[in-house]
Chemist: 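Can you read through this structure? Questions will come right after.
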Amino acid sequence: MIHQLIFARPKPGMTEQEFQDYWLHVHAVKYASKISQIRRYKVDRRIALPDEASDPLFSGIAEIWLLNEQEQLESLQSSEFLQGARADEPNWAAFWATIALDTETHCILEGPQRIHDEGGIKLVTLFKRKPGMSLEEYRRYCIETHSPLLLGLPGVRRCLQCLVRDSFYTVGESRFDSVSQLWFDDVAAFRETMASTEYQREVKPDLGNFVDRKYIFPMLVEEHWIIGPDWRSEP
Amino acid sequence: LSQIHLFIFVRPKPGMSESEFFRYWKEVHAVRYGQKIPQAKRYMIDCRERFGAEPSDPLWSGAAEVWLDSEAAILDFISSKEYIEGSRADEPNFLAFWRMLSLPTTDHVLLEDGRETENPTWVKIVAAVKRKAGMSLADFRRYSLEVHGPLDLKLPGLRRYIQCHVTDSTYVVGESNLDCVSLLWFDDLAAVSRALESPENHVSVRDLPNFLEMKYAHTLVASEHWVVGPESR
């Protein structure tokens, strides 16, 4: 299964609010969900925190699940995509600033069913490995050494590590190597976790062992299922 | 403000032959859409020439080269009505747009010839590369210009040589896919062969692993076709 993550921002002149509303109520419903190869589709809407920059890199994430590369290729050539979703992109998104990553998801902490079904608040962070570290070593460190530390954090309800697939390393380096997803009950719980001794003493210093600090991009989001959490039946 | 030299590497959509792809690109896409984008001060199409062992599935069939006045002009270009409603809308008609790779660069001229003509008959090597893992970008750029460049300058028959370094802004949101596109011009394909077989080239090739990640070194030999140019408009 390909778990594709598409990080997007509004076209110049559109507010974040307008962008997110258009995405959820127009683009997702009218165009994206018509693409039959998409098995599940979720939109993550950025939550603006008062202490954050007013011009965020991304205002939302599309999460798309596709069965395999064959179906992905079919979807890219389908009229639903070409005349629908792709043609609609310039109406709301700065499509040239979009970052799309095909990932392989590793579940670190399954979490309660409620969170799967209803969505929740989560921290999504883009990572690139430390210069000189091999991709294999990075992936192993991320799953086997760093992720167990995340399990020790208070307040984390669910945790995924999405590792960028090999196909993103055929022409050159991938822009990013992995995306982590951590779920919380609410914004207050997220803040408590970030301030905890476990985060400050264990997790944060460990990042220096495997990631490139200049390419860490975190973002807090709330989830909206468009198709899912149940898989869409065969087209 | 320095001029931007934008490369867009492309290949045909599934099922389209390379010759049909080139024809559509030159006669339809470039004429109807590409040349209408006002920010494109010059626009050239590079078409892959059959040269050496023919790959069963070439990564790219060619590249568009577009010259823009400044970095800011890239945003104006890509958000223009002419690009969005013209060029971008037409892309799926002939190219595998999901495999396109765009690299904004700035030129470093190592050898100038001054022979840019409206109907170029020469050919060039287009080498798109990534630096060796662990090497800093600054070290890579310096090595490429100051150590490797002089080795290539000794190649027999070399007419013109430019290294196009990917712009700093391509490294703000994650790592750039590739770091540099080098262009090396020769009179014809026979001259390219002679250069590649020369002892000078053996020295140059031996130097590559010192600064390149060899699995991300891609080379093609291309002929040139001006859509807008060589005069800047």
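All chains are named by letter (A, B, ...) in the order of the sequence lines, taking the proteins before the strands, and each is independently numbered beginning at 1. Computed from a predicted model, the values in this text were never measured in an experiment.
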Chemist: Counting only heavy atoms closer than 4.5 Å, note whether B:I78 contacts chain A via side chain, backbone, both or neither.
Modeler: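 Backbone plus side chain of B:I78, per the 4.5 Å heavy-atom cut-off to chain A.
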Chemist: Between B:R88 and chain A, with a heavy-atom cut-off of 4.5 Å, which part of the residue counts as in contact: side chain, backbone, both or neither?
Modeler: both
Chemist: Of A:R86, A:Q72, A:Q77, which is the lone residue that meets side-chain contact (heavy atoms from CB on, under 4.5 Å) with B:W98?
Modeler: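 Between B:W98 and the candidates, side-chain contact (heavy atoms from CB on, under 4.5 Å) is satisfied uniquely by A:Q77.
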Chemist: Given the rule in the side-chain contact (heavy atoms from CB on, under 4.5 Å) test, do B:N177 and A:V171 qualify, once you have shown the distances and angles that lead to the verdict?
Modeler: CA-CA 7 Å; B:N177 298 124; A:V171 175; 5.7 Å; no
Chemist: Under a 4.5 Å heavy-atom cut-off, does chain B meet the side chain of A:L126, its backbone, both or neither?
Modeler: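 Neither part.
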Chemist: Could you tell me which portion of B:F9 (side chain, backbone, both or neither) has an atom closer than 4.5 angstrom to a non-hydrogen atom of chain A?
Modeler: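 For B:F9, neither part sits under 4.5 Å from chain A.
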Chemist: Any idea which of B:A128, B:G134, B:A96, B:S136 has the most non-hydrogen atom pairs under 4.5 angstrom with chain A?
Modeler: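 The residue among B:A128, B:G134, B:A96, B:S136 with the greatest pair count is B:G134.
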Chemist: With a 4.5 angstrom heavy-atom cut-off, which part of A:S134 approaches chain B: side chain, backbone, both or neither?
Modeler: neither
Chemist: Could you look at A:I216 and say if it's the side chain, the backbone, both or neither that has a heavy atom under 4.5 Å from chain B?
Modeler: neither
Chemist: Where does A:L82 contact chain B at under 4.5 Å (heavy atoms): side chain, backbone, both or neither?
Modeler: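 When you check distances to chain B, only side chain atoms of A:L82 fall under 4.5 Å.
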Chemist: Between B:L75 and chain A, with a heavy-atom cut-off of 4.5 Å, which part of the residue counts as in contact: side chain, backbone, both or neither?
Modeler: side chain
Chemist: How many angstroms lie between CD in B:E175 and NZ in A:K214, if you round to the nearest 0.5 Å?
Modeler: 6.5 Å
Chemist: Tell me, for B:Y83 versus chain A, whether the close heavy atoms (under 4.5 Å) come from the side chain, the backbone, both or neither.
Modeler: side chain
Chemist: So which of B:I84, B:V129, B:V173, B:L178 has the biggest tally of heavy-atom pairs under 4.5 Å with chain A?
Modeler: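 Result: the option with the highest number of such pairs is B:V173.
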Chemist: Need one label for A:F127: side chain, backbone, both or neither, based on atoms under 4.5 Å from any heavy atom in chain B.
Modeler: neither
Chemist: Kindly compute the distance separating CG (A:L76) from CZ (B:R99), expressed to the nearest 0.5 Å.
Modeler: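 Between A:L76 CG and B:R99 CZ, I get 11.5 Å after rounding to 0.5 Å.
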